Amino acid sequence: MALPDITPERQDLGLISPEELTQIPIHERQHVASNSQISGKQQPEDSKSASRYRAWTTAQKIAFRIAFIFFTVISLPTSASWYKNIFSLDWLHLHYRDLYDVARFQPNILGRVSWWPVWLGYGEWVFILLVSAALGLIWTAVIKIRRAEPRDYNLLYYWLRVVVRYRAGIGIIGFGFTKLLPTQLPYPSLGLLNTNFGDLTAQKIYWLSIGIVPWYEVFAGVVEVLAGALLFFRATTFWGAVLLFGALADIVYVNLAYDGGVHGYSSYFVLLSGFLLIYYVKDLYNLLIREQLTIPNYYYPSFGKIWQKIGRIGLKTATIGIFLVLLFWIQYVNFRYDPYKQPAQKGVRELRGNYAVSEFRLNNKEIPYSPVDSLRWQEATFENWSTLTFKVNRPVPLDLSNGGGSPMRDLNRTFELTGVAGGQRVFYYDADPVNHVLYLQDKYRPGRRGEDSEGDTSGKRDRKKTLEKPDNWIPATALANIGPEYSKIEPIALTTRRAKGIKSETRQEDGKRKRMILNYQTTDGSRVVLTGITENKDSIYVVLDRINRPYALSKSTLNAGEYQ
Amino acid sequence: MSAFESTPPPTPAWTKAEKVLFRFVFIYFIIQVIPLSWQFYRDLFSIDWGAFYYRDLFHLSRYAPHFFGQDDTFVNWAVVALIALAGTVIWSLRDSTRTDYTALFYWLRVVLRYRLAIAVFAYGFIKLFPLLAPLPSISNLNTPYGDFTAWKLFSLSLGIVPSYESFLGLVEIVGGLLLLNRKTTAIGTLIIIPFLGNVFVSNLAYEGGESVYSLLLITFALVLFGYDAIRLFRLVSLEQPTLPNRFKPVFTETWQRYSRLALKSSFIFFAVFLYGYKTYAAYKTGSYQFPKTAGLPGAAGVYDVSVFKLADETLPYSKTDSVRWQDVVFETWNTISIKSNRPVILDRTNTERIMADDASRTYEQAGSAGRHYYRYQVDSTRHVLALTNRNPNYPNETLTLQYERDGSNQIILSGLNERRDSVYVVLNKLNKKYLLNEAAKAGRRGTLKL
């Protein structure tokens with residue numbers, strides 16, 4: 001099919017191309033535009049120079065004023081912690097979460113007040129909309145009284161779209177990279193693979209269902225990052241907005257259906273991209289439904305002055321450099337050496353694998369295996385990282401959160417624990433390799449409530465109690481053998497945030513976790529004997545025999561973390 | 001074609017390359033779309049107008065030309081492309097005077113629009129009324145996560161949220177409806193291409209069996225979208241004045257207008273209303289994925305195997321013994337699944353099939369290891385269960401077991417197992433609470449002890 005050559009028609013209609021358009025000096029065009037707005041009504045037909053941009057109706061202007069305030073407020077960071085974060089960044093030792101936190105904020109004026117309804121988290125939006133409506137009407141009144149229209153709405157609309165475009169672009173890229181380098185939804189641990197389907201929460205099932213196919217997760221990440229990148233350019237804004245709208249609308253529904261917890265933040269992008277799409281509706285309707293010749297007439301300020309050119313290109317380059325290039329790199333480092341939901345430290349090498357519990361003695365009394373017994377371990381697993389899981393047929397309090405956030409300590413990386421029942425116990429261990437002792441702590445932390453959403457916990461943790469007495473349940477000699485957690489990963493992944501996080505999370509420990517100290521004996525791991533004291537101060541003696549457990553689920557072909 | 005002349009202004013002549021390309025595209029897609037196999041018409045004329053209308057239409061809607069076997073492969077595409085190439089050469093030699101194929105292109109798009117629409121309706125309605133991925137069976141709930149294939153996990157994960165499944169179906173149907181109108185086709189393809197793109201990538205990632213077919217549908221959608229994409233790009237990206245689609249068929253004769261109306265209405269009637277109604281009716285009677293025959297009354301649940309005797313010898317509990325049963329599930333329908341350490345040869349069915357008879361409905365065990373699935377017949381006078389393995393990999397495996405029920409919570413089975421050894425099994429029903437259900441009540445921020 002030939003592309004119709006419409007140049008003659010354009011000449012007939014007295015049109016010129018946007019390229020030519022931008023060459024008109026800016027003062028002249030603003031003159032034209034403001035001229036047309038003072039009247040506030042339809043302009044006269046013969047006003048040739050003013051006809052380039054259609055005049056705004058009064059209703060459109062009022063709606064715009066409200067939308068302007070609303071979208072400006074929700075697109076700009078309003079919380080003090082955001083600014084605090086940005087000024088405390090250590091750019092030489094940047095953690096992916098540092099930039100992620102810059103990219104990830106959502107409207108938060110109210111905080112958590114009791115006098116305004118929550119409405120599934122959308123109450124905040126309604127509040128801001130009402131305030132914007134009030135301010136927009138005041139704005140209208142001021143203009144009526146002063147009888148002056150000093151603002152060029154095309155110019156304002158242009159800049160509002162710029163703010164929204166960049167807000168949406170940066171925000172979705174922050175999210176997209178945690179999928180593009182698949183860490184947001186990790187491949188299930190052995191403990192999770194051994195958990196019955198019905199013993200997981202819906203939210204867990206959804207996250208695992210993406211985690212089992214890392215390449216699909218990469219694909220989802222590519223879609224999100226691409227949508228964001230397209231929003232950085234006005235020529236591709238439409239395509240970016242369509243992609244973002246479609247992808248995020250699906251994610252909103254997914255989060256509502258599976259109780260995933262980020263429906264609010266994903267709706268935010270649907271709202272922003274929906275706003276960007278409104279711009280095109282009229283022309284698309286004219287072209288596709290009415291099947292009429294359509295002449296786009298989009299307003300752009302021209303950046304004629306040299307400082308404007310440099311400013312524009314500089315800011316754009318910085319945005320792309322930071323959020324596409326730098327973020328990719330530090331996210332890659334995170335994926336490779338410190339995957340944020342999965343523990344980073346290597347586990348004891350010879351222990352890793354699935355084990356059958358061949359012998360179990362509690363206080364020197366042998367207990368034979370029975371699936372209905374409430375004391376005996378039924379099966380045990382050592383992960384690649386420093387986690388021991390075992391199954392006991394006894395109800396335990398569960399953590400139903402989504403295991404998100406960005407804890408720096410492996411002890412607090414709870415994805416393998418959250419949303420899981422079936423008697424699965426998950427213990428973090430520090431191993432003293434000299435004396436063959438494991439110092440185990442329950443990953444379940446009593447009194448800790450589920451997190452709101454993916455992330456959003458920085459600085460909000462309950463930091464009430466610090467232990468008054470020094471908590472020296474691990475002897476100093478063993479601590480010397482264990483070594484500090486901070487440096488136990490590749491040096492390239494060591495960041496200021498990790499150092500600070502480990503310190504502050506250690507301070508937050510209140511000694512309420514269950515603990516065990518177990519001695520391990522093994523030659524090559526095919527048989528492991530654990531002896532020691534359990535959380536309930538009982539003595540146990542456990543013989544574990546490694547089993548080869550084939551899974552129907554295909555192995556991951558893309559693995560986060562470095563455990564070799 | 002004289003009746004379908006384009007409306008003025010006449011479109012400019014096509015370049016030689018465009019004409020050649022169009023001839024290839026035309027032949028290629030016509031072969032992909034118009035059914036040439038006699039089986040298709042045999043099936044078409046033997047449609048069951050009753051309960052299984054939706055199954056027959058579903059299967060017909062998945063037509064794609066097959067030259068080798070029944071599986072969708074890209075080899076079939078290659079054959080079609082070769083034929084189209086040959087056709088293009090002949091056509092180009094014999095038709096060198098044409099200036100354009102605007103009208104023919106229009107009709108190709110009509111054919112593709114309806115072909116694509118019926119495909120998305122077929123899948124859309126069985127999702128809108130959540131039949132495709134049903135709620136997990138009790139056996140599924142009692143199978144370790146890692147014992148499922150990725151494809152089965154995909155289906156189970158969708159199955160636990162019927163409202164989301166309906167939402168996906170709705171999006172698909174809306175996309176399909178937009179295809180039925182020339183003017184809304186571009187918007188329809190903007191919905192359908194990302195949707196099917198996701199389906200295609202999911203099929204690749206989750207090792208599903210419909211990647212070739214879903215990519216075929218995407219190629220249809222891309223031809224449709226391609227027609228409008230250029231003008232969309234011109235409008236929103238280049239921001240240049242853009243001409244609309246100027247071609248529409250002019251139906252001068254009355255019979256033409258009536259046939260158009262009749263064809264379009266009957267398509268909508270059969271593919272939307274009747275199909276929609278039949279899928280709804282099927283949904284009301286239960287998912288086609290699970291058997292319909294009822295099981296032993298009041299027996300549904302998961303049972304602990306507290307006693308297991310093989311040839312009068314009692315075997316203790318064991319997770320490693322390949323003979324001893326570990327637990328047993330009775331479904332509400334006539335399925336018993338037994339967990340033991342005897343490995344399961346996987347039934348890797350991963351394409352969508354709608355089966356009429358119970359025996360062929362293998363969804364509950366497809367892509368699942370860890371448990372052996374048996375369908376059973378109850379002889380309630382002699383209290384005998386005749387079990388047959390559901391997995392096609394165990395065609396001759398049968399068990400005959402006498403059952404005793406002394407109350408509601410215990411079932412004693414005795415008889416011959418699959419190796420004709422005598423077994424005696426005491427089953428105690430467990431009061432199993434599933435986190436999947438309990439957590440929905442407690443909420444993400446709630447606390448729960450389980």
Side-chain angles (χ1 to χ4, degrees), chain A residues 1-4 6 10 15 17-18 188 192-203 205-206 209 212-213 215-216 219 235-236 238 242 246 253-254 257-259 261 280 283 287-289 291-296 298 356 369-372 395 397-398 400-401 421 449-450 551-554, chain B residues 12 14-15 18 105 136 140-150 153-154 156-157 160-161 163-164 167 183 186-187 190 194 201-202 205-207 230-231 235-237 239-245 304 316-320 346 367 369 434-436 439-440 442 444-450:
Chain A
M1 172 199 49
L3 255 185
I6 54 173
R10 290 162 67 198
L15 292 164
S17 71
L192 288 170
L193 289 176
N194 298 340
T195 303
N196 283 348
F197 192 82
D199 289 332
L200 301 165
T201 60
Q203 180 264 121
I205 286 169
Y206 178 70
S209 77
I212 57 174
V213 282
W215 288 107
Y216 180 78
F219 164 75
T236 50
F238 173 77
V242 166
Y253 206 101
V254 160
Y258 291 92
D259 193 18
Y280 303 98
D283 281 348
L287 180 74
L288 296 174
I289 310 296
E291 298 192 330
Q292 299 289 318
L293 171 73
T294 308
I295 301 146
Y298 302 152
Y369 167 61
S370 156
V372 289
L398 306 178
L400 299 181
S401 73
R449 285 306 179 102
Y551 295 104
L553 182 61
S554 313
Chain B
W14 292 22
T15 66
E18 284 169 342
F105 191 21
N140 294 156
L141 293 178
N142 287 286
T143 302
Y145 194 88
D147 276 340
F148 294 112
T149 61
L153 286 169
F154 178 81
L156 288 174
S157 306
I160 60 169
V161 285
S163 76
Y164 178 56
F167 168 75
K183 293 175 176 181
I187 300 161
L190 272 182
V201 179
S202 299
Y206 290 94
E207 299 150 20
I230 297 164
R231 67 179 106 249
L235 182 71
V236 299
S237 293
E239 297 177 12
Q240 290 175 7
T242 309
L243 278 178
N245 168 32
D304 170 48
Y317 278 122
S318 167
K319 293 201 101 162
T320 47
L346 277 181
Y434 299 97
L435 178 60
L436 184 52
R444 188 167 17 91
R445 293 179 200 164
T447 47
L448 195 65
K449 200 172 167 179
L450 203 65

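Residue numbers start from 1 in every chain, and the chains themselves are labelled A, B, ... in the order their sequence lines are given, proteins ahead of strands. Owing to the predicted nature of the structure, the values given are computational and were not obtained by experimental measurement. Every heavy atom of this structure was used, including side-chain atoms; hydrogens, water molecules and symmetry mates were not.
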Chemist: Counting heavy-atom pairs under 4.5 Å with chain A, which one of B:Ile160, B:Leu141, B:Leu435 comes out on top?
Modeler: B:Leu435
Chemist: What option among B:Asn245, B:Ile187, B:Leu190, B:Thr320 has the most heavy-atom pairs under 4.5 Å with chain A?
Modeler: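 Max contact count across the listed options: B:Asn245.
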Chemist: With only heavy atoms counted, which part of A:Asp283 is less than 4.5 Å from chain B, the side chain, the backbone, both or neither?
Modeler: both
Chemist: Please classify the contact between B:Leu346 and chain A as side chain, backbone, both or neither, with a heavy-atom cut-off of under 4.5 Å.
Modeler: side chain
Chemist: Heavy-atom distance under 4.5 Å to chain B: side chain of A:Ile212, backbone, both or neither?
Modeler: side chain
Chemist: For residues B:Val161 and A:Ile205, determine if any side-chain heavy atom of one lies less than 4.5 Å from a side-chain heavy atom of the other.
Modeler: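 With C-beta onward as the side chain, the pair stays apart.
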Chemist: Taking only residues two or more places apart in sequence or in another chain, which ones pass salt bridge (charged side-chain N to carboxylate O under 4.0 Å, His left out) with B:Lys319?
Modeler: A:Glu379
Chemist: Under a 4.5 Å heavy-atom cutoff, which of B:Gly367, B:Ser202, B:Ala186 has the most pairs with chain A?
Modeler: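 If we count pairs closer than 4.5 Å to chain A, B:Ser202 comes out on top.
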Chemist: Should the pair B:Phe148 and A:Phe197 be assigned to parallel (<30°), tilted (30 to 60°) or perpendicular (>60°) ring geometry?
Modeler: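 It falls in the perpendicular class, over 60°.
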Chemist: Look at B:Pro136, B:Pro316, B:Ala439, B:Ser318 and state which one has the largest set of heavy-atom pairs under 4.5 Å with chain A.
Modeler: B:Ser318
Chemist: So how far is it from B:Leu243 CG to A:Gln292 CD, rounded to the nearest 0.5 Å?
Modeler: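 The distance works out to 11.0 Å.
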Chemist: Work out which heavy atom in B:Ser237 is nearest to a heavy atom in A:Ala235; give both atom names and the distance.
Modeler: OG-O, 2.7 Å
Chemist: Using atom types as modelled and distance alone, determine if a side-chain donor or acceptor of B:Tyr317 lies under 3.5 Å from a backbone N or O of A:Val372.
Modeler: no
Chemist: I'd like to check B:Tyr145 versus A:Asp199 (side-chain heavy atoms, cut-off strictly below 4.5 Å). Are they in contact?
Modeler: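 No, every pair of side-chain atoms sits at 4.5 Å or beyond.
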Chemist: Report which part of A:Glu291 has an atom under 4.5 Å of a heavy atom belonging to chain B: side chain, backbone, both, or neither.
Modeler: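 It is both, since atoms from each part get that close.
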Chemist: Measure from the side-chain N and O atoms of B:Ser157 to the backbone N and O of A:Tyr206, and report whether any donor-acceptor pair falls under 3.5 Å.
Modeler: no
Chemist: Does any heavy atom of chain B fall under 4.5 Å from the side chain of A:Phe238, the backbone, both, or neither of them?
Modeler: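 Side chain only.
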Chemist: In terms of heavy-atom proximity below 4.5 Å to chain A, should B:Asp147 be classed as side chain, backbone, both, or neither?
Modeler: both
Chemist: Is the shortest side-chain heavy-atom distance between B:Leu153 and A:Ser209 below 4.5 Å?
Modeler: no
Chemist: Can you name the closest pair of heavy atoms from B:Gly146 and A:Tyr551 and give their distance?
Modeler: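 B:Gly146 and A:Tyr551 have their closest heavy atoms at O-CB, 3.3 Å.
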Chemist: Answer with side chain, backbone, both or neither: which region of B:Thr143 has an atom nearer than 4.5 Å to a non-hydrogen atom of chain A?
Modeler: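 Just the backbone, heavy atoms under 4.5 Å.
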Chemist: With a 4.5 Å cut-off on side-chain heavy atoms, are A:Asn196 and B:Pro144 touching?
Modeler: yes
Chemist: Kindly write out the residues that satisfy ring-ring contact (aromatic ring centres under 6.0 Å, His included) with B:Phe167, not counting sequence neighbours, or none if the list is empty.
Modeler: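 For B:Phe167 the ring-ring contact (aromatic ring centres under 6.0 Å, His included) partners, ignoring immediate neighbours, are A:Tyr253.
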